[in-house]
Amino acid sequence: MIAIVSPAKSLDFKSSTPTSKYSQAEFLDKSQELVDVLRTYSPSQLSKLMKISLDLGTLNCERYQEWNRPFNVENAKQSIFAFTGDVYKGLDAISMSEKNLEFCQKQFRILSGLFGMLKPLDLMQAYRLEMGTRMQFSDAHDNLYSFWKETLTNKLNNELKESKSTYVLNLASNEYSKAINFKNINAEVISPIFKDWKNGEYKIISFYAKKARGLMGRYFIDNELSSPEDLKGFDYEGYTYDSNLSNDKPFTFTRRQ
């Protein structure tokens, strides 16, 4: 089983990491194509494009101007330690053992608007580019889905073949899941749903659901899972498999607290 997850907007490039091991992202030449286009945008243009404040537009304009290859431990950081959003709070990579990281490097992948697909120890530099961003990158591509879909679909199929996996654990958001053509993936795709009790019923609450995807990712890594049935034992932070809500539907996990 290979797990995929979304990146995060919030980043940490100051804290130290528990390992000096790293790898290089596979699609840096394609990333460079995007950076070359983004470098032509002013802070205000980036702000409008990404629907962010002018301060964030300025910050990301500087990031793209400062983009520098090759990546090394002085100018970049391993992706799993660089992202710090809700999903990554659940994942809690900083507490992973060396054994966890070895499994993670083989079976866990991070989707990215700029990098395409990252292994956990792939080095990355700070950026902001959500997969849903609509802009003209070339005559052939007017959005990131078009730019990445074929590449990421083929890459995931190759990863599945190399690891002899027959399942994909999809922990990515809808925005990032759409970057892969699951109809052409040579595996069964499992996309869990996480619901919390509120106002007398179970509901998907965005903040909790994001963290739960990270918690599920950590459960997958801790137990080195290979079968969807093994996912049903997920019980981190009070979640349990709900057989009633999962009947003929995606695996659903609920929590009352």
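All values reported here derive from a predicted model rather than from experimental measurement.
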Applying side-chain contact (heavy atoms from CB on, under 4.5 Å), run through Trp67 and Ser31 and close with a yes or a no.
CA-CA 10 Å; Trp67 168 278; Ser31 301; 4.0 Å; yes
- After noting the C-alpha distance and the side-chain angles of Glu162 and Asn158, does the key distance pass the side-chain hydrogen bond (donor to acceptor under 3.5 Å, both in side chains) rule? CA-CA 6 Å; Glu162 289 174 8; Asn158 289 338; 5.8 Å; no
Quick one: do Ser47 and Leu56 satisfy side-chain contact (heavy atoms from CB on, under 4.5 Å)? Show the steps, please. CA-CA 7 Å; Ser47 176; Leu56 284 175; over 6 Å; no
- Apply side-chain contact (heavy atoms from CB on, under 4.5 Å) to the pair Asn157 and Ile185, showing each step before the final yes or no. CA-CA 6 Å; Asn157 273 328; Ile185 291 297; 3.8 Å; yes
Please report the C-alpha distance between Arg255 and Tyr239 in whole Å, then the side-chain angles of each, then the deciding distance to 0.1 Å, and finally whether the side-chain hydrogen bond (donor to acceptor under 3.5 Å, both in side chains) criterion is met.
-> CA-CA 5 Å; Arg255 179 175 66 172; Tyr239 284 99; 3.2 Å; yes
(Q) Is there a ring-ring contact (aromatic ring centres under 6.0 Å, His included) between Phe194 and Tyr208? Walk through the geometry before answering. (A) CA-CA 8 Å; Phe194 304 94; Tyr208 295 125; over 10 Å; no
Exercise for review: Apply side-chain hydrogen bond (donor to acceptor under 3.5 Å, both in side chains) to Asn143 and Ser146, showing your working.
Suggested key: CA-CA 6 Å; Asn143 60 67; Ser146 170; 4.9 Å; no
>> For a side-chain contact (heavy atoms from CB on, under 4.5 Å) check, start with the C-alpha distance between Asp230 and Asn223, then their side-chain angles and the critical distance, and finish with the verdict.
In response: CA-CA 9 Å; Asp230 296 332; Asn223 296 282; over 6 Å; no
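For the pair Phe253/Lys195, no side-chain contact is recorded, criterion being any heavy-atom separation below 4.5 Å from C-beta on. Looking at heavy atoms from C-beta onward, Leu46 lies in side-chain contact with Leu38 at the 4.5 angstrom threshold. The shortest distance between side-chain heavy atoms of Leu231 and Met216 falls below 4.5 Å. At a threshold of 4.5 Å between non-hydrogen side-chain atoms, the residues Asp86 and Phe207 count as touching. For the pair Val73 and Thr17, the minimum side-chain heavy-atom distance is 4.5 Å or more. You'll find the side chain of Phe220 reaches within 4.5 Å of the side chain of Leu169, heavy atoms only. Side chains of Phe27 and Thr151 form a contact here, defined as non-hydrogen atoms less than 4.5 Å apart. At a threshold of 4.5 Å between non-hydrogen side-chain atoms, the residues Ser165 and Gln107 count as touching.
Remark: aromatic rings of Phe251 and Tyr241 are close, center separation under 6.0 Å. Under the 6.0 Å cut-off for aromatic ring centres, Phe103 and Phe108 do not qualify, their centroids lying 6.0 Å or more apart.
Put simply, CG on Leu152 and CG on Leu144 are 10.0 Å apart, with the number rounded to the nearest 0.5 Å. Taken from CD1 in Ile180 to CG in Leu156, the straight-line distance is 5.0 Å, to the nearest 0.5 Å. To the nearest 0.5 Å, atom CG of residue Asn68 and atom CZ of residue Phe71 are 8.5 Å apart.
In this view, Glu66 and Glu62 satisfy the side chain to side chain contact (heavy atoms under 4.5 Å, CB included) rule, not counting sequence neighbours. For Tyr167, the side chain to side chain contact (heavy atoms under 4.5 Å, CB included) criterion is met by Met1, Glu188, Pro228, not counting sequence neighbours. Every residue was checked against the salt bridge (charged side-chain N to carboxylate O under 4.0 Å, His left out) condition with Lys198, not counting sequence neighbours, and none meets it. Every residue two or more places apart in sequence or in another chain that forms a side chain to side chain contact (heavy atoms under 4.5 Å, CB included) with Gln45 is listed here: Tyr41, Ser42. Residues that satisfy the salt bridge (charged side-chain N to carboxylate O under 4.0 Å, His left out) test with Lys9, not counting sequence neighbours, are Glu130. Residues passing the salt bridge (charged side-chain N to carboxylate O under 4.0 Å, His left out) test with Lys203, sequence neighbours excluded: Glu201. For Ser177, the side chain to side chain contact (heavy atoms under 4.5 Å, CB included) partners at least two apart in sequence or on another chain are Asn170, Ala172, Phe182.
Residue Leu171 is not grouped with residue Ile204 when hydrophobic side chains (ILVMFWY) are merged at heavy-atom distances under 4.5 angstrom, including chains of intermediate members. Hydrophobic clustering keeps Ile193 apart from Ile205 (ILVMFWY residues linked when any side-chain heavy atoms are closer than 4.5 Å, directly or through intermediates). Hydrophobic clustering (side-chain heavy atoms under 4.5 Å, transitive across Ile, Leu, Val, Met, Phe, Trp, Tyr) groups Phe13 together with Val35. A continuous path of ILVMFWY side-chain contacts below 4.5 Å connects Leu91 to Ile94, so both sit in one hydrophobic cluster.
Summarising the geometry of Leu123 relative to Ala76, their closest heavy-atom pair is CB-CB, 3.9 Å, with the distance given to 0.1 Å. Smallest separation of non-hydrogen atoms from Tyr145 and Met131: CE2-CG, 3.4 Å. Heavy-atom minimum distance, Gln78 versus Leu121: CG-O, 3.6 Å. Shown here for Tyr88 and Ile110, the closest heavy-atom pair between the two residues is OH-CG2, 3.4 Å. Counting all heavy atoms, side chain and backbone alike, Leu28 lies closest to Arg69 at O-NH1, 3.4 Å. Scanning all heavy atoms of the two residues, the minimum distance from Cys104 to Ile80 falls at SG-CD1, 3.7 Å.
A salt bridge links Glu229 with Lys232: the closest approach of a Lys/Arg side-chain nitrogen to an acidic carboxylate oxygen falls below 4.0 angstrom.
Remark: Glu150 CD is loosely packed, at most 12 non-hydrogen atoms of other residues, nucleotides or ligands lying under 6.0 Å away. By the neighbour-count criterion of 12 heavy atoms within 6.0 Å, atom NZ of Lys106 is sparsely surrounded, having that number or fewer from other residues, nucleotides or ligands.
Annotation: salt bridge (charged side-chain N to carboxylate O under 4.0 Å, His left out) contacts involving residues 16-26, sequence neighbours excluded, comprise Lys21-Glu98, Glu26-Lys155. Among residue pairs with one or both ends in residues 48-61, those qualifying as side chain to side chain donor-acceptor pair (under 3.5 Å) are Asn60-Arg63; sequence neighbours excluded. Applying the salt bridge (charged side-chain N to carboxylate O under 4.0 Å, His left out) rule to pairs touching residues 115-125 yields nothing, sequence neighbours excluded. Within the structure, salt bridge (charged side-chain N to carboxylate O under 4.0 Å, His left out) contacts touching residues 211-220 (residues at least two apart or in different chains) are Lys211-Glu237, Arg218-Asp222.
For the residue pair Asp235/Tyr219, the side-chain donor-acceptor check at 3.5 Å is not satisfied. Looking only at atom types and distance, the side chain of Ser112 has a donor-acceptor partner in the side chain of Tyr127 under 3.5 Å away.
Cation-pi geometry between Lys30 and Phe147 is met: the NZ or CZ atom falls under 6.0 Å from the ring centre, inside 45° of the normal.
Other members of the hydrophobic cluster containing Trp197, listed by chain and number, are Tyr202, Leu245; membership follows side-chain contacts under 4.5 Å among ILVMFWY residues, whether direct or relayed.
Using the six-membered ring where Trp is involved, Phe234 and Tyr236 have ring planes that are tilted, between 30° and 60° apart.
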